[in-house]
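Scroll down for the structure; my scribbles are underneath it.
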Amino acid sequence: MKRISNISELRLVMRRNERPIYFISATNFNLMGIDEWVGSFTSICYIDCYDGRHPNVFVPSKIPNAQFKTIEGINNHLLQHKEVIDYIARRGGRPVAVFLMFDEKTEEICKERGIEVWHPKAKLRQRCDDKMETVRIGNKAGVPSVPNTLGPARTYEELRCSARKAGLGADLVVQTAFGDSGKTTFFIASKDDYNRHAAKISAENEVKIMKRINCRSATIEACATASGTLVAPLMTEVVGKPELTPYKGGWAGNEIFAGAFSEKVRAKARDMAYRFGNQLSEEGYRGYFNLDLLIDENNEVYLGELNPRISGASSLTNQAAFAYADAPLFLFHLMEFLGIEYDIGVEELNDRWAREEFIDSWSQLILKCTEDVDGIITDAPATGIYRMALDCSVSYDRFDHHRQAIKSDEEALFMRFTGRGDPLKKGVDLGALIVRGRLMDDEFKLNERARNWITGIKRLYASKPVTEIQCDEEKEPFR
């Protein structure tokens, strides 16, 4: 195959791809729409978000009482599921797998099955994902983090001592190395604050101790390639909104729009992502990554954390205007592993993608259960297009799985994650809501439109307490 030297050749190669590529994850949310750019691209998922109606999503039957604590656990289960093994075998070819999350066990299973993993090694991803290592990589790249110090904090006194030496003050933020959004970030301004989280903080040999700043959250996605680092537009982050998530500091969505931040901030963020990506290449990492950034009141931009992978924001990044004008960012990730020589004008693409006309306005929210409940869902809204009436009530209009099917500001695409028969507990992901335009105001607060959509979708869920379900089962043992 000849060397790829421009975007049209890249798109043609991807469209004509015949090698089976599988995105294996709980859902296809993170890479929704990629199957329409890449030939022979299929998602193998644990959750059937589409009730069997998506042409390029395969969902095997569920094994009763199977429980998983991590996405890696789900993926390892899928790779060993007989229906998945048979499905991949039927399609033949030399299969390739891409993941949101995977570990060394995943790599072992794939090797046994003859499946090639198109990512940097799990061991390298794990090292880069460590929040302490992220600081060190950033320092090497000249990408500053919020003023911080790294070290143990086994007691409140040790925490305060380290903070004093680093000049961080008494109002602190502490992060542990790994964990889900909002569950490993602790705000510590007193001994009582520390004691509430002491078990998690004191168990770590090293934590990140930061000065607490008043900031806005942003995120930017990029891809470290052999030609240099490609950088997508800067997005806002929806973080810690109690209507959406019970976790303080927990990620709950994103917005992409041209005026999200000043041009000065956007330029600084792009430069940081570019330099960080080039340093990742020096570390041996290549492919897709995501940086969470913190922007303070003086428009100083700081490195928050690294996601060495696709992320929750990828669903917006890969369907933004610049992606349709050129190619989705994830296609450049695939190109890194295709084994084809290429030379892409990174500087030209980065300059073009930074222009306002290449950025359209979209938002997405991740709806979690925020109440203290222990139940089973008895009714749930289907994936599809919903409409909001003048009285702000929300109703199902039609099935679709394309974001572009949203015709107006009165419509939204809801992608269901949790459905009928699933457990309902605090923190469970209900689904993703995608709309045209913004869902926050200029102060980064949810606007009225967002609150109406959240309320409207949540009202379409119904559940029964677990105890009530158990009583019903006892009454009807043969149903």
Side-chain angles (χ1 to χ4, degrees), residues 25-33 49 71 100 180-183 185 215-221 232-261 269 290-295 304-305 307 309-320 359-370 381 383 385-386 388 394 403 406 409 411-418 426-458 460-461:
S25 196
T27 75
N28 74 324
F29 170 72
N30 304 80
L31 290 181
M32 60 191 302
C49 302
I71 295 175
L100 171 63
D180 293 337
S181 173
K183 298 180 183 179
T185 300
C215 63
R216 294 173 291 169
S217 298
T219 196
I220 194 165
E221 300 206 305
L234 184 66
M235 288 184 268
T236 68
E237 283 211 301
V238 182
V239 175
K241 306 301 182 187
E243 301 93 334
L244 293 166
T245 175
Y247 308 117
K248 188 176 182 180
W251 171 76
N254 301 91
E255 299 173 311
I256 183 168
F257 67 103
F261 301 94
N290 167 281
L291 291 183
D292 288 339
L293 303 173
L294 303 173
I295 301 162
E305 58 187 71
N307 294 303
R309 52 181 173 82
I310 58 173
S311 75
S314 300
S315 53
L316 284 187
T317 296
N318 287 291
Q319 298 187 76
I359 307 170
D360 50 353
S361 183
W362 289 87
S363 299
Q364 63 180 21
L365 299 177
I366 307 301
L367 281 63
K368 291 182 183 289
C369 175
T370 55
T383 291
I385 303 296
Y386 286 75
M388 183 180 290
V394 170
R403 190 186 77 169
I406 302 170
D409 288 349
E411 291 190 342
L413 172 64
F414 179 70
M415 183 175 175
R416 187 195 65 221
F417 297 155
T418 301
K426 189 174 185 179
V428 163
D429 287 327
L430 300 176
L433 182 79
I434 302 168
V435 301
R436 294 180 182 271
R438 296 199 63 189
L439 289 174
M440 291 196 294
D441 59 26
D442 292 340
E443 301 301 317
F444 279 52
K445 295 178 181 177
L446 291 175
N447 58 31
E448 184 178 3
R449 178 186 181 216
R451 292 193 296 272
N452 288 337
W453 273 113
I454 295 165
T455 300
I457 291 293
K458 285 191 172 182
L460 300 176
Y461 276 89

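What you are looking at is a predicted structure, and each value in this text was computed from that prediction instead of being measured.
- Sorted by first then second residue, the salt bridge (charged side-chain N to carboxylate O under 4.0 Å, His left out) pairs that include residues 442-455, not counting sequence neighbours, are R438-D442.
- The closest side-chain donor-acceptor pair between S217 and E237, if any, does not fall under 3.5 angstrom.
- Here D429 pairs with K368 in a salt bridge; the nearest charged N to carboxylate O distance falls below 4.0 Å.
- At least one side-chain heavy atom of L446 sits less than 4.5 Å from a side-chain heavy atom of V238.
- For the pair E411 and Y386, the minimum side-chain heavy-atom distance is 4.5 Å or more.
- Residue I359 holds its CD1 atom at 8.5 Å from CG of L234, rounded to the nearest 0.5 Å.
- Note: I295 CD1 to F444 CZ = 6.5 Å, rounded to the nearest 0.5 Å.
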> Given the rule in the side chain to side chain contact (heavy atoms under 4.5 Å, CB included) test, do T27 and M415 qualify, once you have shown the distances and angles that lead to the verdict?
Replying inline: CA-CA 10 Å; T27 75; M415 183 175 175; 4.2 Å; yes

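- Under 3.5 Å, the side chains of N290 and T219 contain a donor-acceptor pair of N or O atoms.
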>> Run the side chain to side chain contact (heavy atoms under 4.5 Å, CB included) test on I366 and L244 for me, step by step, so that the C-alpha distance in whole Å, both residues' side-chain angles and the decisive distance to 0.1 Å come before the verdict.
In response: CA-CA 7 Å; I366 307 301; L244 293 166; over 6 Å; no

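- Neither side chain, E243 nor T370, offers a donor N or O lying under 3.5 Å from an acceptor on the other.
- Considering CG of L291 and OG of S311, their distance stands at 10.0 Å, rounded to 0.5 Å.
- Atom CH2 of residue W362 and atom CG of residue L439 lie 11.5 Å apart, to the nearest 0.5 angstrom.
- A side-chain donor-acceptor contact under 3.5 Å links T236 to the backbone of E255.
- Going from atom SG of C49 over to atom CG of N28 covers 6.5 Å, rounded to the nearest 0.5 Å.
- A distance of 4.5 Å separates CD1 of I71 from CG of L100, quoted to the nearest 0.5 Å.
- The backbone N or O of G304 sits nowhere less than 3.5 Å from a side-chain atom of D292 that would complete a donor-acceptor pair.
- Side chain of Y461 to backbone of T418: a donor-acceptor contact under 3.5 angstrom is found.
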> Would N254 and L365 count as a side chain to side chain contact (heavy atoms under 4.5 Å, CB included) if you check the C-alpha gap in whole Å, the side-chain angles of each, and the deciding distance to 0.1 Å?
Replying inline: CA-CA 7 Å; N254 301 91; L365 299 177; over 6 Å; no

>> Using the rule given for side chain to side chain contact (heavy atoms under 4.5 Å, CB included), can you reason through K241 versus M440, listing the C-alpha separation, both sets of side-chain angles and the distance that settles it, and then say yes or no?
In response: CA-CA 11 Å; K241 306 301 182 187; M440 291 196 294; 4.2 Å; yes

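- For the pair A269 and L293, the tightest heavy-atom approach, listed with the atom from each and the gap, is CB-CD1, 3.6 Å.
- Closest of all the heavy-atom pairs between G427 and Y247 is CA-OH, 3.6 Å.
- Residues A320 and I256 share a closest heavy-atom pair of CB-CD1, 3.8 Å.
- A donor-acceptor contact shorter than 3.5 Å is absent between the side chain of S314 and the backbone of L31.
- When atom types are taken as modelled, the side chain of T383 and the backbone of R416 share a donor-acceptor pair closer than 3.5 angstrom.
- The shortest side-chain heavy-atom distance between I457 and L433 falls under the 4.5 Å cut-off.
- Annotation: side-chain contact (heavy atoms from CB on, under 4.5 Å) contacts of L413 (sequence neighbours excluded): M32, I385, I406, I434.
- Nearest heavy-atom pair, S363 versus G437, reported as atom, atom and distance to 0.1 Å: OG-O, 2.6 Å.
- The two residues A232 and T317 come nearest to each other via the heavy atoms CB-CG2, 3.7 Å.
- Aromatic ring pairs are classed by plane angle as parallel below 30°, tilted from 30° to 60° and perpendicular above 60°; the pair F29 and F417 is perpendicular.
- Distance alone, capped at 3.5 Å, places no donor-acceptor pair between the R216 side chain and the L294 backbone.
- Closest non-hydrogen pair, W251 versus G312, comes out as CH2-CA, 3.6 Å.
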